[in-house]
Amino acid sequence: MKIPFTKMHGIGNNYIYIDAITHEFDASTFNQLAIDVSNVNTGIGSDGLIVIHPSDVADVGMRIFNKDGSEGQSCGNGLRCTAKYVYENHLVSSSVFRIETKAGIVTVEVYGERECIEQVTVDLGTPLLNRSQIPMHGPDDNRVIAEEFQVASQTLQVTALFLGNPNAVFFVDEIEGAPLHEVGAIVTEDPRFPDRVNVGFVEILSRNEMNYRVWERGSGITEACGTGASAAVVAAILNGYIERGIDVTVHLSGGDLCIKWADDDHVWMTGPAETTIQGVFHWKRS
Ligand SMILES: N[C@H](CCC[C@H](N)C(=O)O)C(=O)O
């Protein structure tokens with residue numbers, strides 16, 4: 001089966017995008033297609049698959065499938081690239097439009113020439129802070145801020161919330177020493193998170209700057225995670241490390257994002273979106 005695709009990335013968080021507005025695809029194959037396109041040896045190589053699709057409730061829709069075939073609710077880097085694609089391909093007419101995701105409808109604004117969008121701002125909406133909204137098992141339905149969290153033989157402090165996807169955030173002194181494998185790989189599958197969880201590590205640099213690294217639900221370590229970085233800014237504010245309502249520079253492995261948890265409770269993320277390849281994937285369905 002020949003699958004036309006576009007590979008794009010948001011500061012290194014790269015996905016294979018298929019345009020289900022222009023072409024027809026069998027939605028029942030998306031989970032397996034995500035696994036197959038992500039395989040760098042027998043596929044194309046990516047952090048997963050993103051499907052751009054028609055929407056009855058927004059200008060377009062976006063579905064995100066991780067490298068393991070699981071479906072996420074949203075994708076910050078993916079939203080910026082989806083916005084770039086639909087604007088450059090004249091699937092929307094305005095530079096401000098709405099994208100439907102499984103986590104809700106988001107508003108995006110693209111900046112640059114029609115033929116080449118470089119920066120995109122996404123209004124990710126409001127973070128969900130109560131335990132049941134994350135979701136996370138526990139003794140109450142309060143917020144999860146610097147809560148003791150046993151991982152193997154270590155007692156850590158976790159801050160958890162839902163922003164596009166479930167996120168668990170740990171603050172560390174030095175980002176280079178962040179225990180991505182020892183803690184990230186374990187916590188992402190921890191039964192206290194019934195839908196699994198993206199695991200972020202944060203080093204606070206100043207009142208408006210931080211380092212962030214991530215072990216993503218369903219994809220492992222990636223160069224960047226837009227919803228994760230945005231959730232980490234919210235977590236840093238909840239812990240009093242960073243002020244609310246200001247632009248925060250978040251340094252990820254693949255580059256920087258500018259994120260603000262505004263006074264209207266919406267979280268705004270601005271960053272780049274880039275096209276890498278366009279082609280046709282010759283899919284031998286496994
Ligand atoms: N792994 C995530 C989906 C991708 C999110 C990430 N790549 C982003 O940029 O937000 C999840 O299943 O929750």
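Just so you know, these numbers use all the heavy atoms, side chains as well, and skip hydrogens, waters and symmetry mates. When a ligand or atom number is given, it counts from 1 through the structure's own listing order.
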Problem - Residue that, paired with Val233, satisfies side chain to side chain contact (heavy atoms under 4.5 Å, CB included) out of Leu238, Leu163, Val248, Thr249 - result: Val248
Handout entry: Heavy atom of Ser74, distance to ligand 1 below 4.0 Å
Key = yes
Exercise for the section: With heavy atoms only and a cut-off of under 4.0 Å, state how Asn66 meets ligand 1: side chain, backbone, both or neither. Expected result: side chain
Exercise for the section: Verify whether the ring centers belonging to Phe30 and Phe65 lie closer than 6.0 Å. Expected result: yes
Exercise for the section: Just need the protein heavy atom nearest to atom 11 (C) of ligand 1, so name the residue and atom and give the distance. Expected result: Arg217 NE, 3.3 Å
Exercise for the section: Looking only at protein heavy atoms, identify the closest one to atom 1 (N) of ligand 1 and say how far it is in Å. Expected result: Glu216 OE1, 2.7 Å
Practice task
Could you tell me whether Arg98 and Asp123 make a salt bridge, using a distance below 4.0 angstrom between a side-chain N and a carboxylate O?
Solution key: no
Exercise for the section: Answer with yes or no whether Cys225 contacts ligand 1, where contact means a heavy atom under 4.0 Å from a ligand atom. Expected result: yes
Exercise for the section: Answer yes or no for Cys75: is there a heavy-atom contact with ligand 1 below 4.0 Å? Expected result: yes
Exercise for the section: Please could you name the atoms of ligand 1 that Gly72 approaches to less than 4.0 Å, counting only its heavy atoms? Expected result: 12 (O)
Problem - Nearest non-hydrogen protein atom, atom 10 (O) of ligand 1 - result: Thr227 OG1, 2.6 Å
Exercise for the section: Looking only at protein heavy atoms, identify the closest one to atom 9 (O) of ligand 1 and say how far it is in Å. Expected result: Gly226 N, 2.8 Å
Handout entry: ligand 1 atoms in contact with Tyr15 (distance to a heavy atom under 4.0 Å)
Key = 4 (C), 6 (C), 7 (N)
Handout entry: Backbone N/O of Ile16 and side chain of Lys7: donor-acceptor pair under 3.5 Å
Key = no
Completion exercise
What one should report as the nearest heavy-atom pair of Trp215 and His181 is CZ3-ND1, 3.6 Å
Exercise for the section: Flag the pair Glu176 and Arg213 as a salt bridge only when some basic side-chain nitrogen lies within less than 4.0 angstrom of an acidic carboxylate oxygen. Expected result: yes
Handout entry: Salt bridge Arg244-Asp265, side-chain N to carboxylate O under 4.0 Å
Key = yes
Practice task
Measure the shortest side-chain to side-chain distance between Leu79 and Thr101 over non-hydrogen atoms and say whether it is less than 4.5 angstrom.
Solution key: yes
Completion exercise
For atom 13 (O) of ligand 1, the closest protein heavy atom turns out to be Asn198 ND2, 2.7 Å
